[in-house]
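Take a look at the structure set out below.
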Amino acid sequence: MGEGGSTERSGRAPLGVVVGAACSVLAGCAALLGWWTRETALTSIARGWPSMVPNTAVTLILAGLSLGLLGREGRSARLRQLGQASAAAVAALALAPLAEYVFGWDLGVDRLLFPARVDFPSRFPGRPSPNTALCCALIGAALLSLPVKTPRACRRAMVCVLAAAALALTALSGYLLGVGYYYGLPPLFPFTGMALHTSIALLALSAGVLAARPDCGAFAVLTSSAPGGALLRRLLPFVVLVPIVLGRLFLIGADRGAYPIAASFALASAVTTLFLATVLWIGAAHLNLLDGARRRAEEARAFLAALAHSSEDAVIGADLDGTILSWNPAAARLYGHSAGEVIGREVLALYPPELAGEAEAHLERLRRGERFEHFETAGRTRDGRTIDVEVTVSTIADEDGRMTGFSAICRDIGRRKAMEAAVERAHAVERRLRSQLEAIGAASAAVSEALASLPRSDLRSVLEVIALHAKGISGADYAAIGISEDDRRPFDPWVPCGVAAEEAAQLRTAPRPVGVLGAVARGERPVRLDDVRAHPDFIGLPPHHPPIHAFLGVPFRFQDRTVGNLYLARRPGRPPFDEDDERAVALLAERTCAAIETARLYRSEASERRRLEAVVEQMPEAALLVDAEGRLITCNRLAMSYAIRREDERDPWGNAALFDHRSPSGEPVDWPDRPMTRALCRGEVVTGAEGLLWSAAERAFVPVLVNAAPVRSDDGEIQGAVAVFQDITALKEMERQRQEWTGVIAHDLRQPIQVIATASQLLRRRLGALPAADGEKQIGRISDSVDRLRRMIDDLLDASRIEARQLTLDCRPVDLRALLGEIVERSAGATEGHAVRLDVQGDVPAVRADPGRFEQIVTNLLSNAARYGEPGRDIVVAIRAGAAGAHIAVSNQGPGIAEAMLPHLFKRFWRAPERGPRRVRGAGLGLYITQGLVEAHGGSISVESTPGATTTFHVTMPFARGSARAAET
């Protein structure tokens, strides 16, 4: 009953909050509308009565909003903050006029709204009355205390609310009794007062705040289920309303002359006194009745307790109305209720709700004097459990033989019935488990047989066997197994069972692992549902899908990874799956998941093998794959065109297909030196090895580019090797044609250049010893252009020779210091504007070099430093002896080279982007040729640069043989 009262109060409290907030907001909005439309009926109700000023209307709206936001639990933090801000605004708007009244201030807040329409005297235009402002301030303080859940805050809120309610009720009484002093303050402020609808709205707000805190204060007393609360709820409306109504009636009689005004007051006082005395008398009588019933219940309980205290069975005594009067300790142990909790309640509380009709029929038979002998029924304990009891009921008569009640002896037979049911369930479970285990064994054998028939069978065949047996084991109407690794793609494969062919055809495509199917696929445990539609992830069934109700989904887990998902369903009207079904299907999944993984891996391996075979077969290059023993595994069609089959000859690994592999010069390559052997036996990776292979189609040796690499296992062991042969006949032909084209172009370009040079010389002779200044200038330009074209042709020829590895050198020991000195002197024209400084560090032995080509290297570096260096800055050529050879460094000061450009400097035809006002001409072959010349000598070249500072090219040249020994000494 206490819980029921709590529920009732929690249901009334929100309603009081909503009503109070709504009344306040509606009253405030109506008053603002009246001020806007100049409608007196909305601002003051009746002419001559006080009006609700605009500030009061705004305050009531804010108070209603704050009560609506703070008066309920579960609001968001933002809404609670908004409610507290509204409450603070209510308090501020109320305290401002109070401060104006007390200190004589004029803050101007009274004229913020409708300043031209307020009809108060000019002394306080638009200002609410003091009692109105005080009420609003109290309401605001109470609202601010609502979120604080402490006893002190509760008491503070209750005091503020009750004070505000008293002021508002006083004003309302003044209107009802026609006493202006109650709602106005004529001695102090004869021009103002609390409006009628203001007092009603404030009373509603007070009631709403009380309803918002039903657990403390005055409202807790009012809603209490104790006798005091019940008495207060019955008498409070009469005590509050009757004196006001009587006073108004007596005043009406006095106004009409029925009796003098003094007589009306005396009459009202007498009648009110009589009324209050009557109320008190009725309350006392009601309490006496309750106390008498309590004493009788205690006497009956003591009598029955003495009689049945030692009984092992529950002994319950009740009157003819079914009210419990006695309750022994055995009954407390059986039902869980103490005597104080059930005495005074009806016997029906001890029955389950579904047996209430049966209990009423038993009571009716008892009233007729019948006796029950050992009937079995069900009871309900304190915690809501249903228990099986055996009951013997007999009537109780008084001294006169009149039936006054009945007694019931109740014995708990739940243990006996539970044992009987447990035995029966154990037999049923045993039979079912035996059947399921036999079915699981048969299923495992069938799956093993399907797995053993691979590759004649496939993954779908294995899944069909599992689905069929899972459907039989669980008694499902439908079963399906799906394999999926991505929720964006359908199950592949999807194997249904129990669905007619026509229905399966209408479904068309396999489903995707989304919704409930996805919940099973993503989880690690089975999903069992009595109704699949109750699952939060249920997204409906596709069209033409057979209706389903009960659902069971089991993931197939292999080594902590899902390899498949089993889905079982039953039609509507069929019983749901139970724990035994789930356990049996999970056991089947555990025994067959390895088979699914094996079949899935076999399918994946077969698919990958076919894909690889197709790729290898369609490759434009010849490809070979051998195992760890060197036996040929895969050989595509193009590779077979290079194979030579001889019945009496085999390779070292026993392969009948032989490949005649030769070096570029045509000499046979020994088996240990072949790329495939190096990859298989030594684990080497061979890339870009040129050679010759005999081609049956061409009936000749063709040039090929060979790549070979070992195939390793996860632990690094060599399991085979792969080799790829690329026919480069076309590339060789293009290289030959390019070399031929370069020679032809160079030869053809030299002839017109020679003609231009000869013509310029003849022109110079014909102009005489002193040609015109302009003519000499033009002839000089022709000569410079001819020289530049000759250098470009030479560069193109050098680049072509370097690329074809046909560059010839006339190498001999060279005195590096003397040669560099001569080169610096001869390069004065190329380094014009820069001073070239030669820095020789220590004794540098002779190097092995072609003097002409070496001069070309140094000249290219010096001209490059002059072109890109800062004008007027020195170029330094430093020489020193290193461990492997002579080291030459050419440095210049200038803008430098960006780090991103350094890898591209030695590429053909590459030139740095133009920067600054100077434009540097060139074909972008200088550094490419320089690198090729250095590497042809057996040396190396590198560059380092700091942007805005120094750029240095480092060249290393090998020592001559005798000089190298001297350098080591």
Side-chain angles (χ1 to χ4, degrees), residues 1-8 225-227 229-230 286-399 402-414:
M1 293 181 67
E3 294 175 357
S6 177
T7 304
E8 187 179 2
S225 59
H286 183 70
L287 290 177
N288 287 338
L289 290 176
L290 293 177
D291 186 66
R294 179 185 60 80
R295 286 198 305 271
R296 288 193 299 274
E298 288 180 353
E299 291 174 358
R301 182 182 61 182
F303 171 75
L304 294 177
L307 181 65
H309 183 76
S310 59
S311 175
E312 294 295 329
D313 295 330
V315 179
I316 303 171
D319 59 15
L320 294 179
D321 294 331
T323 302
I324 298 174
L325 301 178
S326 63
W327 188 263
N328 73 336
R333 291 192 297 271
L334 178 62
Y335 289 97
H337 295 282
S338 64
E341 291 174 340
V342 296
I343 289 179
R345 296 176 61 182
E346 295 184 355
V347 175
L348 296 178
L350 303 180
Y351 285 83
E354 61 272 14
L355 296 181
E358 178 184 341
E360 287 286 356
H362 290 167
L363 287 175
E364 186 63 29
R365 293 176 61 186
L366 287 171
R367 295 187 186 102
R368 295 196 300 267
E370 298 182 17
R371 177 183 174 86
F372 295 96
E373 292 288 346
H374 304 295
F375 71 93
E376 294 182 0
T377 185
R380 185 176 65 173
T381 63
R382 186 175 184 272
D383 55 4
R385 292 183 299 106
T386 300
I387 58 175
D388 294 315
V389 293
E390 184 182 66
V391 183
T392 300
V393 183
S394 59
T395 59
I396 300 175
D398 59 8
E399 296 179 355
R402 291 177 301 180
M403 187 171 54
T404 59
F406 63 89
S407 65
I409 301 175
C410 304
R411 181 178 294 108
D412 184 6
I413 59 173

Next on the checklist: Can you tell me how far apart CG (Asp412) and CD1 (Ile387) are? Round to the nearest 0.5 Å.
Outcome noted: 5.5 Å
Checklist entry - How close do Thr386 and Ala378 get, heavy atom to heavy atom, and via which atoms? => result CG2-CB, 3.8 Å
Checklist entry - Of the non-hydrogen atoms in Val342 and Ile324, which two are nearest, and what is the gap between them? => result O-CB, 3.7 Å
Next on the checklist: Check whether Asp321 reaches the backbone of Glu346 with its side chain - one donor and one acceptor, N or O, closer than 3.5 Å.
Outcome noted: no
Checklist entry - Can you name the salt bridge (Lys or Arg N to Asp or Glu O under 4.0 Å) partners of Glu354, sequence neighbours left out? => result none
Next on the checklist: Just to verify, what does Arg385 make a salt bridge (Lys or Arg N to Asp or Glu O under 4.0 Å) with, not counting sequence neighbours?
Outcome noted: Asp383
Next on the checklist: Taking the side chain as everything from C-beta on, heavy atoms only, tell me whether Asp388 gets closer than 4.5 Å to Glu376.
Outcome noted: no
Checklist outcome for this item: Of all heavy-atom pairs linking Ala408 and Val393, the shortest is CB-CG2, 4.0 Å
Checklist entry - In Å, rounded to the nearest 0.5 Å, how long is the span from CD of Glu358 to CZ of Phe375? => result 7.0 Å
Next on the checklist: So, taking the atom named CD in Glu364 and the one named CG in Leu320, what distance separates them when rounded to the nearest 0.5 Å?
Outcome noted: 10.5 Å
Could you list the donor-acceptor pairs under 3.5 angstrom formed by side chains in residues 331-340, with sequence neighbours left out?
none

Item to check | Asp313 side chain to Ile409 backbone, donor-acceptor under 3.5 Å | outcome: no
Next on the checklist: Could you go through His362 and Phe406, starting from their C-alpha distance and side-chain angles, then the distance that decides it, and tell me whether this counts as side-chain contact (heavy atoms from CB on, under 4.5 Å)?
Outcome noted: CA-CA 11 Å; His362 290 167; Phe406 63 89; over 6 Å; no
Checklist entry - For Ala349 and Arg380, which heavy atoms make the closest approach, and how far apart are they? => result O-NH2, 3.6 Å
Checklist entry - Do the non-hydrogen side-chain atoms of Thr377 and Val389 ever get within less than 4.5 Å of each other? => result yes
Checklist entry - Taking all atoms of both residues into account, what is the closest heavy-atom pair of Cys410 and Ile316, and its distance? => result SG-CD1, 4.2 Å
